[in-house]
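To start, the structure itself, in structure tokens.
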Amino acid sequence: PLQDGAYIKLLGEKTIYTIREGVAKALMKMPIEYRIAELFPEIASSDAILSASLSRPKMATITVVRRETPDDDKKGDIVSFTSDYRITSPVTADAARDTIYSKFLDKITTIKAAAVVEDHPKDLAKYGLDTPSRLSFTATEGISATLLIGDKSESGGRYVMLDGVPSVLVTQLDITLLSLSHSEITMQLIWFYDSLDVSRIDYTLASGETHRFDVEREGGTINGKYDGEELRDRNATNLYLRTVRFTIQGEFK
């Protein structure tokens with residue numbers, strides 16, 4: 001009709017009717033469009049993820065694991081360097097506190113399915129799922145999944161399949177973590193052991209001159225002696241932080 005909707009008639013009768021657009025669209029849907037599109041149970045928050053692994057063709061696998069004792073337990077210390085997660089592949093290192101969430105874990109929790117595309121697909125190549133990327137993770141409350149990730153769809157999402165489930169789905173949004181480099185989530189500190197355990201630092205200058213800094217802690221205060229002489233607590237704290245908080249600037253490999 002000129003307005004939105006469609007013409008209909010009952011089989012065997014001559015009278016023609018019009019129906020509204022919403023009813024017409026519902027009648028024209030394919031059975032697969034009525035399916036509930038769900039990939040995995042909703043994760044309460046990013047820090048509920050216990051482990052996650054991302055593998056892509058011709059790229060190193062990135063694996064992160066949540067510590068059994070998160071660094072939150074160290075709130076009483078004056079300074080803390082470790083994060084709640086450790087990277088176990090392709091290097092072994094602490095994960096950076098903020099970027100492990102913003103660049104990796106947060107992006108996992110936002111992956112949602114928009115629709116079921118095809119059941120029992122005969123040609124995975126047309127979805128880029130013949131050589132997929134794989135995202136596996138475990139979370140609290142027994143949640144776990146392995147997601148096969150293929151090409152980008154015309155709608156802007158990604159074609160995906162759950163491992164072991166013969167259905168292709170499309171996500172609501174693109175899965176941007178596929179471009180992630182492990183260096184982006186690595187704690188870029190020279191010290192990869194717990195710097196809170198440092199009790200003595202020896203300095204050797206280019207001229208050969210040497211100095212010694214003995215570190216002591218009393219609650220949340222850092223005290224120390226420099227070449228045997230007592231330092232004010234503020235000077236001791238500044239010297240300690242300036243010594244152990246070297247960070248890597250620029251490209252990190």
Side-chain angles (χ1 to χ4, degrees), residues 37-68 70-71 82-115 117 121 124-153 155-189 192 248 251-253:
E38 183 178 78
L39 288 172
F40 39 79
E42 185 173 350
I43 303 170
S45 62
S46 300
D47 57 10
I49 295 176
L50 303 176
S51 64
S53 182
L54 175 64
S55 62
R56 295 153 292 179
K58 300 180 181 180
M59 296 182 71
T61 298
I62 299 175
T63 302
V64 300
V65 179
R66 185 169 175 81
R67 296 174 182 275
E68 292 185 6
D71 199 49
T82 57
S83 106
D84 294 349
Y85 291 86
R86 280 188 63 78
I87 300 171
T88 59
S89 174
V91 297
T92 300
D94 286 335
R97 277 185 174 276
D98 297 328
T99 54
I100 184 62
Y101 288 101
S102 63
K103 292 184 178 292
F104 194 14
L105 304 180
D106 288 350
K107 294 186 182 299
I108 294 176
T109 63
T110 60
I111 298 174
K112 307 292 182 187
V117 178
L124 290 175
K126 69 179 182 179
Y127 302 113
L129 289 166
D130 52 332
T131 54
S133 297
R134 289 177 177 264
L135 174 64
S136 301
F137 66 88
T138 61
T140 56
E141 301 181 5
I143 298 174
S144 64
T146 295
L147 195 64
L148 312 183
I149 306 171
D151 292 339
K152 196 172 181 179
S153 69
S155 64
R158 286 271 174 177
Y159 294 115
V160 296
M161 295 180 72
L162 277 176
D163 194 22
V165 179
S167 298
V168 177
L169 293 87
V170 64
T171 60
Q172 295 176 1
L173 303 170
D174 191 12
I175 302 176
T176 56
L177 60 79
L178 292 177
S179 60
L180 181 69
S181 166
H182 74 276
S183 63
E184 297 179 66
I185 59 173
T186 301
M187 177 78 78
Q188 297 189 1
L189 288 171
F192 286 98
I248 298 169
E251 186 177 0
F252 180 78
K253 296 182 179 180

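Side chains are part of it too, since the values below use all heavy atoms of this structure and drop only hydrogens, waters and symmetry mates.
- D98 CG: 12 or fewer foreign heavy atoms inside a 6.0 Å radius.
- Listed for the R86 side chain is no donor-acceptor partner under 3.5 Å among the backbone atoms of A95.
- Checked for salt-bridge contact, D94 and R67 meet the test: a charged N lies under 4.0 Å from a carboxylate O.
- In this structure, P90 and T61 have side chains that are not in contact, with every pair of non-hydrogen atoms separated by 4.5 Å or more.
- Looking at L54 and L177, their side chains come closer than 4.5 Å, going by heavy atoms from C-beta outward.
- Separating the OG1 atom in T99 from the CD atom in E184 is a distance of 8.0 Å, to the nearest 0.5 Å.
- Side-chain contact check for T110 versus L173: every heavy-atom pair is 4.5 Å or farther apart.
- D47 and S45 are linked by a side-chain donor-acceptor pair at a separation below 3.5 angstrom, with hydrogens and angles left out of the test.
- Judged by distance alone, the side chain of T88 and the main-chain N or O of T92 form no donor-acceptor pair under 3.5 Å.
- V160 is listed as a side-chain neighbour of I175, based on a closest heavy-atom distance under 4.5 Å.
- Sorted by first and then second residue, the pairs that involve residues 142-152 and meet side-chain hydrogen bond (donor to acceptor under 3.5 Å, both in side chains), not counting sequence neighbours, are S136-T146.
- Looking at V65 and L50, their side chains never come closer than 4.5 Å, going by heavy atoms from C-beta outward.
- The shortest heavy-atom contact between P166 and P121 is O-CD, 3.7 Å.
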Going through the checks in order, is the side-chain contact (heavy atoms from CB on, under 4.5 Å) test met by V64 and S51? CA-CA 6 Å; V64 300; S51 64; over 6 Å; no
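- At distances below 3.5 Å, at least one donor-acceptor pair connects side-chain atoms of R56 with backbone N or O atoms of L180.
- In this structure, T63 OG1 and I87 CD1 are separated by 10.0 Å, a value rounded to the nearest 0.5 Å.
- Ring to ring, Y85 and F104 are not that close: their centroids are 6.0 angstrom or more apart.
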Under the criterion side-chain contact (heavy atoms from CB on, under 4.5 Å), I'd like the reasoning laid out for L135 against I149: C-alpha separation, chi angles, the key distance, then a yes or no. CA-CA 8 Å; L135 174 64; I149 306 171; 4.1 Å; yes
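- Remark: K126 pairs with E118 by the salt bridge (Lys or Arg N to Asp or Glu O under 4.0 Å) rule, at least two apart or across chains.
- Looking at S55 and S133, their side chains never come closer than 4.5 Å, going by heavy atoms from C-beta outward.
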Go through T176 and K107 one step at a time and tell me if the side-chain contact (heavy atoms from CB on, under 4.5 Å) criterion holds. CA-CA 8 Å; T176 56; K107 294 186 182 299; 3.4 Å; yes
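- With rounding to the nearest 0.5 Å, the separation of CE in M161 from CG in L147 is 10.5 Å.
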side-chain contact (heavy atoms from CB on, under 4.5 Å), that's the test. Do T138 and I49 meet it? Break it down for me. CA-CA 6 Å; T138 61; I49 295 176; over 6 Å; no
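- Residues I111 and L39 meet the side-chain proximity criterion, which asks for heavy atoms closer than 4.5 Å.
- Atoms CD1 and CD1, on I185 and I62 in that order, are 5.5 Å from each other to the nearest 0.5 Å.
- We find the CG-OH distance between L169 and Y127 to be 10.5 Å, quoted to the nearest 0.5 Å.
- In this structure, T109 and E42 have side chains that are not in contact, with every pair of non-hydrogen atoms separated by 4.5 Å or more.
- Judged by distance alone, with hydrogens and angles left aside, the side-chain atoms of R158 form a donor-acceptor pair with the main-chain N or O of G150 at under 3.5 Å.
- Partners of T131 under the side chain to side chain contact (heavy atoms under 4.5 Å, CB included) rule, at least two apart in sequence or in another chain, do not exist in this structure.
- Between the OH atom in Y101 and the OG atom in S46 there is a gap of 7.5 Å [rounded to 0.5 Å].
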